[in-house]
Structure formats: C-alpha cells, structure tokens
Amino acid sequence: MDPGHSLTVQVRRSARRRRTVAAYRDGDTVVVLIPARFSAVEEREWVKKMLARLDARDRRTRRPRGDAELEARALRLAHLFLDDEVRPVSVRWVSNQRGRWGSCTPAEGTIRLSSRLRGMPDWVIDYVLVHELVHLRVPGHGSDFWELVERYPRAQRARGYLEGVAAAASLDLSDEADPALGA
C-alpha cells in the first residue's frame, strides 16, 4: 500500500460467517469480513493479516497503469527479446478494440493494447506487447515473425491463455495467423 495514501478499513461482522475471513477493496476502502463471534483482539489480528495479504497480492499483480508505464514496459521488452532493434513511437491503452487484443501500425510506429488486457497477468500483457513490437519489424505472420515472437519464453502459454479467455467470453477473435490475438 502507498504509505502516503489514506486508507479506510471497514469491518463487517456476520453471524452467518463461522470460520472464514475475507477482504476486498472498494475504492479507497478495504472491507474485511469476519465472523461475529471474533473478539476485538482477533479482529485487529485478522485486519492486519488481510491488509498484508491484499498488499502482497497488489505487488504480485502490479500492472502498467497508464500509457507511459506501458510504453516503458514495451521498451524494456524490446531490449530483452528483440535486441533493441525496434522502438515504438507510442504505446497506449485503448478502449475501442473489440476484435483484437492489440494492434500495430508499423508505418507510424504505434502500438495499441486493448484495455481488456488490464486485468490479465503481466506475462500475458508482455506477450501481446512482444507480438506487436515484432510487427514493427515484420508486418505479416510468416515464419520469420513467429521466430521472433517465440523469443518471449511464455509465448505459447500466453497464447493459450488468451484463447481460453476469448472462448469463455464467446469473443470472436479468430484469425488464422494468431487466433489468440486476433491480430
């Protein structure tokens, strides 16, 4: 948690809740759900534990929040997996992509990622970025393109993840070249 940021904790006791404790964020408030029978000492202990768990989860799942962070991430990936051979002019989140996870305009050097990716694991976002970065060098989906994409160690896993998300949501993101990306 950001030490300079005020946080409100709301404890909700429930007679129906017997043993389990849960917590979630609701804006700037953390709601902690505990059994009604807990003492004040148990309540304080569990609030402390649940705040620590939420904080740990937030650190594990930290995602690029804005376009500047997304662009910095793309530059880092270009360095790691593409030997700094590509450099996008801009990388940004967009909310108008319904049929694909990402897109690239090589002539302009621009990359756009669907805002639907924001809730996905970092390694999936990284895969989509690598995929689009490779398009800055290779426009199509030929063997030379896939050879570069496969430099990203989790490429196959991320493609499978995206295919599963698309299937579960009944999204039509099919494309013979890369059904996971729709790109």
Side-chain angles (χ1 to χ4, degrees), residues 1-2 23-25 49-183:
M1 281 174 267
D2 180 3
Y24 63 91
R25 293 189 190 283
K49 281 183 191 179
M50 297 313 286
L51 289 173
R53 286 183 188 177
L54 285 174
D55 191 35
R57 185 187 68 195
D58 289 349
R59 283 193 310 273
R60 281 192 313 272
T61 60
R62 174 129 172 45
R63 292 184 180 57
R65 303 275 190 247
D67 293 345
E69 289 179 35
L70 190 63
E71 188 168 337
R73 186 180 201 108
L75 293 173
R76 183 180 59 80
L77 292 166
H79 173 74
L80 289 171
F81 301 110
L82 302 170
D83 304 320
D84 285 321
E85 292 178 9
V86 297
R87 186 169 183 90
V89 172
S90 77
V91 182
R92 62 191 175 95
W93 293 107
V94 294
S95 60
N96 64 349
Q97 288 190 3
R98 300 284 180 244
R100 50 185 58 202
W101 298 113
S103 62
C104 176
T105 307
E108 297 173 9
T110 59
I111 293 174
R112 292 154 312 279
L113 293 192
S114 171
S115 58
R116 290 179 298 142
L117 289 166
R118 284 186 190 242
M120 295 187 190
D122 288 344
W123 51 271
V124 174
I125 295 169
D126 287 352
Y127 166 73
V128 177
L129 281 170
V130 168
H131 181 106
E132 300 309 333
L133 285 164
V134 171
H135 277 307
L136 292 174
R137 184 162 162 209
V138 181
H141 287 102
S143 60
D144 51 345
F145 171 85
W146 291 113
E147 189 176 305
L148 290 172
V149 170
E150 291 299 323
R151 289 182 181 179
Y152 180 65
R154 291 183 161 180
Q156 293 292 330
R157 184 176 177 201
R159 241 187 329 271
Y161 182 97
L162 291 169
E163 287 172 5
V165 168
S170 299
L171 298 174
D172 182 18
L173 298 175
S174 59
D175 179 309
E176 293 160 16
D178 190 347
L181 281 175

Before you tell me yes or no, could you show the steps for L80 and Y152 under side-chain contact (heavy atoms from CB on, under 4.5 Å), namely the whole-Å CA-CA distance, both residues' side-chain angles and the distance that decides it to 0.1 Å? CA-CA 9 Å; L80 289 171; Y152 180 65; over 6 Å; no

Can you name the salt bridge (charged side-chain N to carboxylate O under 4.0 Å, His left out) partners of E108, sequence neighbours left out? none

Parallel, tilted or perpendicular: rings of W146 and H131 (30°, 60°): perpendicular

Which atom pair, heavy atoms only, marks the closest approach of R100 to Q97? O-OE1, 3.6 Å

Looking only at heavy atoms, which two atoms of C104 and L136 are closest? And how far apart? SG-CD2, 3.5 Å

Closest contact, heavy atoms only, L70 versus R92: CD2-C, 3.8 Å

How would you list, by chain and number, every residue that makes a side chain to side chain contact (heavy atoms under 4.5 Å, CB included) with D84, sequence neighbours excluded? H79

Side-chain ion pair, D122 and R154, N-O less than 4.0 Å: no

OH-CD distance between Y127 and Q156, expressed to the nearest 0.5 angstrom: 8.0 Å

Is the shortest heavy-atom distance from the side chain of P153 to the side chain of W123 under 4.5 Å? no

Does the R157 side chain pair with the main chain of V124, one donor and one acceptor, at a distance under 3.5 Å? no

Which pair of non-hydrogen atoms, one from L113 and one from E132, has the smallest distance, and what is that distance? CD2-CG, 4.4 Å

Report the C-alpha separation of R112 and T105 in whole Å, then their side-chain angles, then the decisive distance to 0.1 Å, and conclude whether the side-chain contact (heavy atoms from CB on, under 4.5 Å) test is met. CA-CA 9 Å; R112 292 154 312 279; T105 307; 2.9 Å; yes

Quick one: does any side-chain atom of W101 pair with a main-chain N or O of S114 as donor and acceptor, under 3.5 Å? no

Residues 134-148 vs salt bridge (charged side-chain N to carboxylate O under 4.0 Å, His left out), sequence neighbours excluded, gives E85-R137

Residue pair P121 / Y161: nearest heavy atoms and the distance that separates them: CD-OH, 3.2 Å

Taking CZ in R87 as the centre, count heavy atoms belonging to other residues, nucleotides or ligands within less than 6.0 Å. Is the count above 12? no

How many angstroms lie between atom CD1 of I125 and atom CE of M120, to the nearest 0.5 angstrom? 8.5 Å

Does any non-hydrogen side-chain atom of R76 lie less than 4.5 Å from one of D126? yes

Report the C-alpha distance between L162 and L117 in whole Å, list the side-chain angles of each, state the deciding distance to 0.1 Å, and finish with yes or no for side-chain contact (heavy atoms from CB on, under 4.5 Å). CA-CA 9 Å; L162 291 169; L117 289 166; 4.0 Å; yes

Give me the atom names and distance for the closest heavy-atom approach of A74 to L133. O-CD1, 3.4 Å

